[in-house]
Amino acid sequence: MAHAALLLLISSTVFVGPAVSFYGASMTFMPGNRYPDGTVEMHFYYRESGKLPCDPQASWVCDSGDCGVLTYAEPDITDQDRSGQILWCQSERHMTTNVSGEEPFTLRGSGCCWANNVNDVHEWMLRSLVDTGRRSDTRTTNRSPVSATIPNIRVPQNCFQSLHLLVYDPDGDDVRCKCQSCHRHPNILLDEDSCTLSSNGTLDLGLHVFEFTLEDYPASNITLMNGDGISFRNPYNQTASANPAPLSQVPLQFGVEIQTPVHSCEPGVIRPSFLTPTPLHGDVQHAAVGCVHTITIRAQSLGHSTFDFQVSGPWNMSKTLRNASQGITEATLTWTPQESDLHHHVPVCFAAETIQSQSEMRCIVIAVAKLRVLSGEAEVFCEDNSISIAVSKASLKGIDQNWLQLRDPTCSLTSNDTHILGTMSLNTCGTRMEDSGDFLVFKNEINSFEDPNKVITRRSQVKIGFSCQYPKVASVSNHYTNKKSDYIFTESSFGTFSYSFDIFTNNNFSSWVDPSLYPLEINLMDMLYMGIAAHSALPEVRIFVESCRATPDDNPYSALFYDIIKEGCIMDDTVEVYPSDPRTYDFGIHAFKFTGGYNEVYITCSVILCAEGNSNSRCAQGCLREPSHKRRRDVSKETARHYIKQGPFRVVRQTQHSAAASENGGSLHVSAGTGVFAGLFIISIAVLVGLLVYKAKKTRAPDRMYLMSNF
C-alpha cells in the first residue's frame, strides 16, 4: 500500500473534485480494537467506479458527531476495462479512525459528476451512519451490511428482468435497501427485503442511476451501550406506525446501462451463462490469514467469446483466464488475506464479459478468520426429494454433537457410533435452492453455535456446507438432436419432476411417433396429435399449459411466430383438446407452415405444475384474456414456468393433384383422367371445353384446398 495521510474530519465546506464520469460507489465498515479509555478503532472500506484515471473523487467530511481523525491510504485499483476502450475502472481505499464511542457519527462524501445518464443526475452524495456502542447480543460494536457491485453493469433492453444485489450482514441483522431516488424509474420495482430490482416495463436506452442506502436492523430487541448511556434498537416492522432507528447506514450507488436489444435472451447464447463450479449469488466462503483462497468461475457463450470477467474484490486479488472448448471461458481468482484482513467480510462481485453483452452479476462474501474453519469429512446422499449427510466423528475430534445444528435449528441431527447424521427434504430445515446456471443447487450446512450468555468458548468453530445439484434441463432422448421430448426439472417445493412432449399417431394417444423418424414429415392440413405429460412423485398435482408458440426455426424468441395457445387461451381455431387426467394435456391441430419459403415448424410450450385444490394457482385461473403481470407466485403451490419444445415438423411439398389425392385417401398418384384429357385436347377443342366445364364442377373443393395449402 502507498503512503498514508491524515485528514481531520470537521463539519466544513465540501470539496467538489473535477468533473469525472462517476459510475457508483459502496462502503462497508467494521470495528477494530477497543482501548481501555473507551476509544474504538473503526475500519472503512470504500470502493468507487468510474472512468480512468482510477482515483476516488469522494472527499469525506464529518457530517455529524465526533468522527475523530481519519487515516486514509492511497487507493489501489481492483479491476479495470481490458477491452481497449478504457470504459471503466474501480478502486478501493482503506480508511481508519479512532472515536470516543460516546455517540453515533456520520461521514459524508460527495462529488461531480455522474456519467451521462437518462435520469439527468449530476452530483452525487454518500453517507455512512456509524454507532460504536456495544451491542447486547454480540457484545461488540455493530458491523455494517456488506455489499458491492461490478463497475459497469450492462443489460440488453429486451433482457432486463431483475437485478439481485448483494445484501449480507456479518451480525445476522435484517438488511433493508432504501432508495429515495427510485421514483425516477417508473418501470422499476424495488423489493426492499431482498434488495432486488425488477422490470415493470421497457427501460429507455442509456445509463440508469441508482442511489441506495443499506440499513441494518436487529433480529430481536437489543440495547447499545455508549459510555454511560443506553439506547434501544428494535426489529424492522413494516406494519408498525413508528419507524425504528437503524443500527447503521451505508451507501450503495451504481448505474445500469441499458443497451440495444438482442435477438435472444436465452442464457449462454448471446449473454454468457455461468456454469458450475461458479459460486452462487450470496454464497459465504471462508478464508484464513496467510492461506491462499481460490475462486473458480466458468461461463459459456455460444454467440461471442468471453474476453474477460469484471471483478469487484480486494485490491490484491489476482485473476487468470483460460479458454476451453464449446465457448467456455474459465477465470481463477486467487487471494491471500493479510493480518489486516482478519475478521473482515469481503464482498466479491463478478460478471462475464463479451463485446456485445454481459452475464448476470453474482456476488459472494469471503469471511476471513485466523485459522481455517473445521469442515470435517462428510458423505452426502442426493435423492429425488431429499438430502442426507453423514459426518465422520473421527474428523471432528473434541467436537460435542450437542453444539451442532442445521441452518434451521429446529431440525435435529442424530448419530451412531461413527457418524453424525442428518436427513432433510429439499424444502425443509433451511435448505435453500440456488440457480447455478446449468444446475439447480440445494444447499444446507451444519454449524457450531455458542451459548449466547457466555463471553468465552473452548470449542472450535465448525462449518460443514453440503449440497446436491440437479440438472435444470436434462434431455433423455438421443435419437435426433432437434427432437426434444423429456425434460427434467427440480424445485424446492416439488422436488424432481419432468415433462414429456410427444407426437401420437391418432387421437387415442396410445402410440407415439418413433423418435427415429425425426424430423417428422407432414402434409398440410394433416391432424397433428400432441401430448404433454407431467411426471412427479407427488400424489396430487396437475399440469397447466400456459402457452404454445410456433416458430420457423429452433429459436423460441424468433421475430416470426404464431401463437397456438396464449395465457391459457386457445388462439387457433383448429385446435381440439381431448379429455385426459390432470397430469396430461392432449390436443390436436391441423398442420401448417409459415409463409415465405419456410418448410419447418417448431413448437415451444410453457407449462406449470400446480398442487391440486389451490384456487389461487395459475392452473386454477385457466384462460386469462387480460392477465395481471403483478400476480405473485406461491412457490409452495405451483412451479415456475418451464419451456419444452417439439419439432421440427417438415412440410412435404405438394402439387395440385397430390392435394386432391390426399383428400381421397392419402395416396400419391397421377390421375388416369389426365391422360384422357390430353387426348381429347388433340381431337377437338369443343370436347375440351366440355370436359373443362365438367372438371371445374368436380374439382372445385380440391382447388380450394390447393389454395389453402399454398397460402
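Positions are given from 1 along the sequence.
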So does [X] have more than 12 non-hydrogen atoms from other groups sitting under 6.0 Å from [atom1]?
X	atom1	value
Asn116	CG	no
Arg407	CZ	yes
His343	NE2	no

If I compare all heavy atoms of [X] with all of [Y], which pair ends up nearest, and what's the gap?
X	Y	value
Ala148	Cys363	O-SG, 3.8 Å
Gly206	Val118	CA-CG1, 3.9 Å
Gly430	Asp408	N-CB, 3.6 Å
Ile77	Cys89	CG2-SG, 4.1 Å
Asn444	Cys429	ND2-O, 2.7 Å
Ser128	Pro251	OG-CD, 3.3 Å

Nearest 0.5 Å, please: how far is [atom2] in [Y] from [atom1] in [X]?
X	Y	atom1	atom2	result
Trp335	Ile366	CH2	CD1	5.5 Å
Ile355	Ser305	CD1	OG	8.0 Å
Leu280	Arg432	CG	CZ	11.5 Å
Thr276	Ile297	OG1	CD1	13.5 Å
Asp283	Ile295	CG	CD1	10.0 Å
Ile258	Asp204	CD1	CG	9.5 Å

Can you confirm whether [X] sits close enough to [Y] that some side-chain heavy atom of one is under 4.5 Å from a side-chain heavy atom of the other?
X	Y	result
Met361	Leu166	no
Ile446	Phe466	yes
Leu333	Phe309	no
Ile387	Ile389	no
Asp79	Lys319	yes
Phe350	Pro279	yes
Val441	Cys468	no
Pro151	Gln310	yes

Would you please name every residue forming a side-chain hydrogen bond (donor to acceptor under 3.5 Å, both in side chains) with [X], sequence neighbours left out?
X	answer
Gln338	none
His304	Gln356
Ser606	Ser547

Using a 3.5 Å distance criterion without hydrogens, assess whether the side chain of [X] forms a donor-acceptor pair with backbone atoms of [Y].
X	Y	result
Thr551	Asp553	yes
Glu360	Pro267	no
Asn117	Asn119	yes
Arg298	Thr278	no
Arg641	Ile608	no
Asp341	Val368	no
Thr294	Thr334	no
Gln300	Gln326	yes
Arg82	Gln80	yes

Under 3.5 Å, is there a donor-acceptor pair linking the side chains of [X] and [Y]?
X	Y	result
Ser49	Gln90	yes
Ser162	Ser198	no
Ser144	Thr28	no

Looking at Lys645 and Asp554, is there a salt bridge between them, counting it only when a charged N and a carboxylate O are closer than 4.0 Å?
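Judged by the 4.0 Å cut-off on N to carboxylate O distance, Asp554 and Lys645 do form a salt bridge.
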Would you please name every residue forming a side-chain contact (heavy atoms from CB on, under 4.5 Å) with Leu342, sequence neighbours left out?
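Once residues adjacent in sequence are excluded, the partners of Leu342 under the side-chain contact (heavy atoms from CB on, under 4.5 Å) criterion are Val289, Glu339, Lys370.
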Determine whether Thr78 and Arg47 satisfy the following criterion, side-chain hydrogen bond (donor to acceptor under 3.5 Å, both in side chains), listing intermediate values before the conclusion.
CA-CA 9 Å; Thr78 61; Arg47 294 182 190 174; over 6 Å; no
For Ile150 and Trp88: C-alpha separation, side-chain torsions, deciding distance, then whether side-chain contact (heavy atoms from CB on, under 4.5 Å) applies.
CA-CA 10 Å; Ile150 58 173; Trp88 54 265; over 6 Å; no
Check the pair Lys443, Glu445 against salt bridge (charged side-chain N to carboxylate O under 4.0 Å, His left out), reporting the backbone distance first and the verdict last.
CA-CA 7 Å; Lys443 305 170 59 179; Glu445 57 190 30; over 6 Å; no
Pick from Asp171, Asp216, Asp169: which one makes a salt bridge (Lys or Arg N to Asp or Glu O under 4.0 Å) with Arg143?
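By the salt bridge (Lys or Arg N to Asp or Glu O under 4.0 Å) criterion, Arg143 pairs with just one of Asp171, Asp216, Asp169: Asp171.
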Centroid-to-centroid, His281 to Phe274, below 6.0 Å?
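Between Phe274 and His281, which both carry aromatic rings, the centre distance is not below 6.0 Å.
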For Phe212 and Leu190, what are the C-alpha separation, side-chain angles and deciding distance, and is it a side-chain contact (heavy atoms from CB on, under 4.5 Å)?
CA-CA 11 Å; Phe212 281 22; Leu190 170 63; 3.9 Å; yes
Could you check His642 against Phe497 for side-chain contact (heavy atoms from CB on, under 4.5 Å), going step by step and ending with a plain yes or no?
CA-CA 11 Å; His642 294 295; Phe497 57 95; 3.8 Å; yes
Stepwise, does the side-chain hydrogen bond (donor to acceptor under 3.5 Å, both in side chains) test hold for His164 with Thr196?
CA-CA 5 Å; His164 301 278; Thr196 300; 3.3 Å; yes
Sequence neighbours excluded, which residues qualify as ring-ring contact (aromatic ring centres under 6.0 Å, His included) partners of His344?
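Partners of His344 under the ring-ring contact (aromatic ring centres under 6.0 Å, His included) test: Tyr45.
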For Phe210 and Phe254, take the angle between the two ring planes, folded into 0 to 90°, and tell me which bin it lands in: parallel under 30, tilted 30 to 60, perpendicular over 60.
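If you compare the ring of Phe210 with that of Phe254, the planes turn out parallel.
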Side-chain donor-acceptor pairs of residues 154-161 under 3.5 Å, sequence neighbours excluded:
unit_1 : atom_1 : unit_2 : atom_2 : d
Arg154 : NH2    : Glu353 : OE1    : 3.2
Arg154 : NH2    : Thr354 : O      : 3.0
Arg154 : NH2    : Ser357 : O      : 2.8
Gln157 : NE2    : Leu203 : O      : 2.7
Asn158 : OD1    : Val262 : N      : 3.1
Asn158 : ND2    : Val262 : O      : 2.7

